[in-house]
Amino acid sequence: MELTYVPLGERPLRRLPQLFIGLTLYGLSLSLLVRASLGVNPWSVLYEGLTHHTTLSFGTISAILGVLVLLLWIPLKQRPTLGTAANIIVLAYSSDVGLALIPGDLDLPARIALLAGGVLLNGLSVAIYVGARLGPGPRDGLMTGASAATGRSIRLVRTLIEITVLAAGWLLGGSVGAGTVLYALTVGPTAQFFMPRFAYTSKA
């Protein structure tokens, strides 16, 4: 299954809506995980930790860090695409909208439901926006670029990046818990399950 970048000019009316829908759902899935208060994914641990030390919103912090990560693309010779920019902007807005709509004082059964729904929606949304094949987000591009530059496997590079981000977020007060472990174990298989249903097949 091919997931490399396909130029925007190829079937944009089919692929652009898929990109934006997927990114919107991804941002909403992050807000579900945050409101569950049972542990979030590594990057969200960092965003959440930084919200305790600034007046910025969760989404705004994710956008700022997305731009900073893009700067790391320069020595890795990675090139941003429309999908990269959309990833930064849409995730920021949709996650903040989700956090504004979902109450934060729910009981445990409701929070468990939010956690399960958030992980499932996250895996689905990854399949949708990645399947549009309009370029990686800042964090994915950092992973693939670092892997290519160092000759190390994507699995190793991703693991090192996420451990670093997770540790920094935890030290800043971000939420680490059962949800973090559940996310790590299940989001990959979930995305892989949905990917064949949404991966765009290029005419080329």
Side-chain angles (χ1 to χ4, degrees), residues 1 3 17-52 56-63 65-66 83 86-132 134 136-140 143 158-159 162-163 165-166 169-170 172-200:
M1 181 170 46
L3 293 173
Q18 178 174 333
L19 172 71
F20 287 109
I21 290 171
L23 290 173
T24 299
L25 293 177
Y26 188 92
L28 292 175
S29 75
L30 296 183
S31 61
L32 291 176
L33 295 173
V34 170
R35 287 295 184 241
S37 299
L38 292 168
V40 293
N41 68 323
W43 282 98
S44 292
V45 173
L46 180 57
Y47 306 155
E48 194 177 32
L50 287 169
T51 62
H52 299 322
L56 301 175
S57 70
F58 181 94
T60 301
I61 288 173
S62 77
L65 287 183
N87 188 289
I88 294 173
I89 297 168
V90 177
L91 288 191
Y93 279 105
S94 58
S95 59
D96 274 351
V97 168
L99 289 172
L101 294 176
I102 304 169
D105 55 351
L106 300 172
D107 57 17
L108 183 59
R111 288 162 52 208
I112 292 174
L114 284 183
L115 173 63
V119 171
L120 178 63
L121 182 61
N122 192 276
L124 170 63
S125 62
V126 167
I128 294 173
Y129 84 77
V130 170
L134 284 165
R139 300 149 198 86
D140 295 328
M143 173 187 65
R158 176 168 183 160
T159 300
E162 296 208 346
I163 287 174
V165 168
L166 179 65
W170 177 71
L172 289 168
S175 175
V176 178
T180 309
V181 178
L182 178 66
Y183 181 95
L185 293 176
T186 61
V187 74
T190 303
Q192 177 129 7
F193 173 79
F194 287 114
M195 193 68 74
R197 294 158 175 79
F198 295 100
Y200 172 73

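- A donor-acceptor contact shorter than 3.5 Å links the side chain of Thr186 to the backbone of Leu182.
- Note: Tyr183 OH to Thr190 OG1 = 10.0 Å, rounded to the nearest 0.5 Å.
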For this session: Starting from the C-alpha separation in whole Å, work towards a yes-or-no answer on side-chain contact (heavy atoms from CB on, under 4.5 Å) for Val165 and Val45.
Result: CA-CA 8 Å; Val165 168; Val45 173; over 6 Å; no
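- Using a distance-only test at 3.5 Å, with no hydrogens or angles considered, no donor-acceptor pair links the side chain of Ser95 to the main chain of Leu30.
- Annotation: side chain of Leu50 is not in contact with side chain of Leu56 (no heavy-atom distance under 4.5 Å).
- Here Leu38 contributes atom CG and Leu108 contributes atom CG; the two are 6.5 Å apart, rounded to the nearest 0.5 Å.
- Counting all heavy atoms, side chain and backbone alike, Leu28 lies closest to Ser31 at O-OG, 2.6 Å.
- Under 3.5 Å, the side chains of Ser125 and Asn122 contain no donor-acceptor pair of N or O atoms.
- Sequence neighbours left out, the pairs with a member in residues 96-129 that pass ring-ring contact (aromatic ring centres under 6.0 Å, His included) are Tyr26-Tyr129.
- Rounding to the nearest 0.5 Å gives a distance of 5.0 Å between CG of Leu120 and CZ of Phe194.
- Thr180 places no side-chain N or O within 3.5 Å of a backbone atom of Val176 that could act as its donor or acceptor partner.
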Problem set entry | Full working for side-chain contact (heavy atoms from CB on, under 4.5 Å) between Phe193 and Leu124 | CA-CA 8 Å; Phe193 173 79; Leu124 170 63; over 6 Å; no
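- In this structure, the side chains of Trp170 and Ser175 stay at 4.5 Å or more apart for every pair of heavy atoms.
- Nearest heavy-atom pair across Glu48 and Val40 is OE1-CG2, 3.9 Å.
- Between the side chain of Arg111 and the backbone N or O of Ser37 there is at least one donor-acceptor pair closer than 3.5 Å.
- In this structure, Arg139 places its CZ atom where more than 12 heavy-atom neighbours from other residues, nucleotides or ligands lie under 6.0 Å away.
- Two residues are said to be in side-chain contact when any heavy atoms from C-beta on lie closer than 4.5 Å; Val34 and Leu99 meet this criterion.
- Asp96 CG to Ser62 OG: the interatomic distance, rounded to the nearest 0.5 Å, is 7.0 Å.
- Here the side chain of Glu162 pairs no donor or acceptor atom with the backbone of Pro42 at under 3.5 angstrom.
- Closest non-hydrogen pair, Gly27 versus Ser94, comes out as CA-OG, 3.2 Å.
- For the atom pair CG of Leu3 and CE of Met195, the computed distance is 5.5 Å after rounding to the nearest 0.5 Å.
- Between Ala86 and Leu19, the shortest heavy-atom contact is CB-CD2, 4.1 Å.
- Closest approach of Ala191 to Ala127, counting heavy atoms only: O-CB, 3.7 Å.
- Looking at every heavy atom in both residues, Ile88 comes nearest to Pro138 through CG1-CG, 3.5 Å.
- A heavy-atom distance below 4.5 Å is not found between the side chains of Val187 and Asn41.
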Problem set entry | Check against side-chain contact (heavy atoms from CB on, under 4.5 Å), Leu172 and His52 | CA-CA 8 Å; Leu172 289 168; His52 299 322; over 6 Å; no
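- Atom-to-atom distance recorded for Arg35:CZ and Leu114:CG is 10.0 Å, nearest 0.5 angstrom.
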